[in-house]
Amino acid sequence: MTALAHVPTPSGQAAAPPPPRRGRRRLLPYLLLLPGAAWLFIFFALPLLQLAAASLYDPSGSLSTGYALTWAFGNYPEALQAYWPQFARSFGYAGIALVLALLMGYPLAYAIAQKAGRWKNLLLICVVAPMFTSFLVRTLAWKTILSDNGWLVGLLRDVHLLAPDGRLLATPVAVILGLTYNFLPFLVLPLYASLERLDYRLLEAASDLYASPVRAFRKVTLPLSMPGLIAGTLLFFIPATGDYINAELLGTPNEYMIGNVIDSAFLVRLDYPQGAALSFLLMAAILAVVFVYLRRAGTEEVL
């Protein structure tokens with residue numbers, strides 16, 4: 001049988017080797033996925049399982065005496081009852097910051113994609129340039145800008161938008177502004193990617209059909225940019241909800257978000273069961289909001 005595979009053909013050339021087995025070709029995609037799947041399992045799935053187990057530890061344990069896995073599901077309602085204001089504040093701040101980012105980010109992305117011309121690359125660099133520096137450094141810069149002796153507060157006092165003793169730092173306004181600034185590029189870049197592919201002739205056709213600019217935006221531009229809008233809002237809202245740096249540096253304990261509580265539970269109070277329970281409650285709440293949003297956005301896109 002082996003010799004037959006090398007019998008010369010009538011033209012004098014050796015016969016081609018048999019094609020690879022179909023079963024091996026079917027396994028090839030899974031083999032290519034194996035390194036990535038192993039990475040996710042080791043560095044994501046296993047820590048997540050450990051965090052789930054920690055959320056069910058006996059709350060009476062400690063690092064010195066050790067923790068026992070007693071399946072204490074009561075950690076969840078106790079954590080939620082104790083810190084529901086921080087949960088509400090996190091989603092409220094992130095929601096307001098998202099609205100502000102959309103009001104600024106959508107026109108910016110549209111202008112870069114459709115109107116910037118040869119300045120497009122420069123404007124894109126300006127959008128992502130803040131990401132070249134540390135998140136902490138950027139937030140500390142906002143602390144300087146919003147300080148009581150800063151130029152911005154002085155200007156607002158001069159035009160009587162702030163009282164003579166009014167301030168921006170250590171207020172909810174400062175935290176929301178910090179969230180908006182720090183996560184704005186995550187919203188602008190997916191929007192730009194969608195709007196950059198927009199065929200401008202469709203807007204001209206809408207104008208020829210006597211559609212007003214507002215109606216053309218609502219019927220043409222907005223639906224075609226919906227994939228980028230959905231991706232951008234998710235990339236903005238999810239990290240903004242779990243953020244704690246902005247509230248830590250720009251606010252006071254009265255503005256603390258649930259991320260600050262989780263940070264304190266793990267690193268200050270060393271209450272691992274409560275910190276893990278709060279982490280899972282936050283993940284569940286974000287997943288619920290994302291699921292409802294995607295269902296809603298998908299329905300509107302179809303309509």
Side-chain angles (χ1 to χ4, degrees), residues 79-80 82-106 108 127-131 133-157 159 161-189 232-269 274-275 278-279 281-286 288-290 293:
L80 184 59
Y83 296 107
W84 69 264
Q86 284 79 5
F87 270 104
R89 189 177 299 130
S90 297
F91 283 91
Y93 285 177
I96 296 173
L98 176 60
V99 172
L100 292 177
L102 284 172
L103 293 176
M104 294 184 293
Y106 200 105
L108 176 61
V127 171
V128 301
M131 309 295 292
T133 60
S134 168
F135 188 95
L136 184 61
V137 172
R138 284 181 276 141
T139 308
L140 288 172
W142 269 96
K143 188 174 183 179
T144 302
I145 294 172
L146 301 176
S147 64
D148 295 341
N149 298 322
W151 64 269
L152 181 59
V153 171
L155 177 63
L156 294 177
R157 288 173 180 172
V159 298
L161 292 179
L162 271 181
D165 58 345
R167 61 184 320 204
L168 292 177
L169 193 63
T171 65
V173 174
V175 178
I176 292 171
L177 289 177
L179 292 173
T180 305
Y181 167 78
N182 279 306
F183 297 108
L184 183 62
F186 296 105
L187 176 68
V188 172
L189 293 179
T233 51
L234 292 179
L235 289 174
F236 183 100
F237 182 79
I238 292 174
T241 306
D243 181 71
Y244 67 95
I245 295 296
N246 287 277
E248 181 76 27
L249 297 179
L250 303 179
T252 67
N254 293 328
E255 287 79 40
Y256 276 5
M257 301 165 65
I258 193 61
N260 300 95
V261 178
I262 295 173
D263 174 69
S264 175
F266 278 113
L267 301 180
V268 179
R269 294 184 283 111
Q274 187 180 79
L278 288 171
S279 300
L281 287 172
L282 178 60
M283 284 189 288
I286 290 177
V289 171
V290 168
Y293 172 71

Non-hydrogen side-chain atoms of Glu248 and Tyr256 separated by less than 4.5 Å: yes
Minimum heavy-atom distance Leu281-Ala79, with the two atoms named: CD1-CB, 4.3 Å
Once side chain to side chain donor-acceptor pair (under 3.5 Å) is applied, do any residues pair with Ser147, and if so which ones, sequence neighbours excluded? none
Do any pairs count as a salt bridge (charged side-chain N to carboxylate O under 4.0 Å, His left out) and have a residue in residues 168-186, sequence neighbours left out, and if so which ones? none
Quick one, Leu103 and Val99 - any side-chain contact, counting heavy atoms below 4.5 Å? yes
From Asn246 atom CG to Lys143 atom NZ, the distance as rounded to the nearest 0.5 Å: 12.0 Å
Measuring from Phe236:CZ to Phe183:CZ, what's the distance to the nearest 0.5 Å? 7.5 Å
Please list, chain by chain and in numerical order, all residues satisfying side-chain contact (heavy atoms from CB on, under 4.5 Å) with Ile245, sequence neighbours excluded. Phe135, Leu136, Thr139, Asp243, Leu249
Residues which pass side chain to side chain donor-acceptor pair (under 3.5 Å) with Tyr244, listed by chain and number, not counting sequence neighbours: none
Please report the closest heavy-atom contact between Ala174 and Leu169, naming both atoms and the distance. CB-CA, 4.1 Å
To the nearest 0.5 Å, what is the distance between CG on Leu278 and CZ on Phe87? 5.0 Å
Just how far is it from atom CG of Leu184 to atom CG of Leu102, taken to the nearest 0.5 Å? 9.5 Å
For Val290, which residues count as a side-chain contact (heavy atoms from CB on, under 4.5 Å) partner, sequence neighbours excluded? Leu234, Ile238, Ile286, Leu294
Check Phe91 against Ala285 and note the closest heavy-atom contact, atom names and distance. CZ-CB, 3.6 Å
Taking only residues two or more places apart in sequence, or in another chain, which ones meet Arg157 in a side chain to side chain donor-acceptor pair (under 3.5 Å)? none
How many angstroms lie between atom CG of Leu161 and atom CG of Leu152, to the nearest 0.5 angstrom? 10.0 Å
Show every salt bridge (charged side-chain N to carboxylate O under 4.0 Å, His left out) that has at least one partner inside residues 94-106, sequence neighbours left out. none
Please identify each residue that fulfils side-chain contact (heavy atoms from CB on, under 4.5 Å) with Thr252, with sequence neighbours left out. Ala170, Asn254, Glu255
Listing request: all side-chain hydrogen bond (donor to acceptor under 3.5 Å, both in side chains) pairs with a residue in residues 164-176, at least two apart in sequence or in separate chains. Asp148-Arg167
Between the main-chain N or O of Asn260 and the side-chain N or O of Ser264, is there a donor-acceptor pair closer than 3.5 Å? no
Residue list, side chain to side chain donor-acceptor pair (under 3.5 Å) with Thr233, at least two apart or on another chain: Tyr293
Is there a side chain to side chain contact (heavy atoms under 4.5 Å, CB included) between Val261 and Arg269? Walk through the geometry before answering. CA-CA 10 Å; Val261 178; Arg269 294 184 283 111; 4.1 Å; yes
Report the C-alpha separation of Leu168 and Leu156 in whole Å, then their side-chain angles, then the decisive distance to 0.1 Å, and conclude whether the side chain to side chain contact (heavy atoms under 4.5 Å, CB included) test is met. CA-CA 10 Å; Leu168 292 177; Leu156 294 177; 3.7 Å; yes
Results of side-chain contact (heavy atoms from CB on, under 4.5 Å) for Leu108 - residues two or more places apart only: Ile112, Val127, Val188
For Ala94 against Thr241, the heavy-atom pair lying closest together: CB-OG1, 3.5 Å
Distance col, row Leu179:CG vs Phe237:CZ, nearest 0.5 angstrom, shows 11.0 Å
Provide the full list of side-chain hydrogen bond (donor to acceptor under 3.5 Å, both in side chains) pairs with a residue in residues 85-105, sequence neighbours left out, each pair given once. none
Which atom names give the shortest non-hydrogen contact between Ala265 and Gly275, and what distance separates them? CB-CA, 3.7 Å
Which atoms form the tightest heavy-atom contact between Asn182 and Met131, and what is the distance? O-SD, 4.4 Å
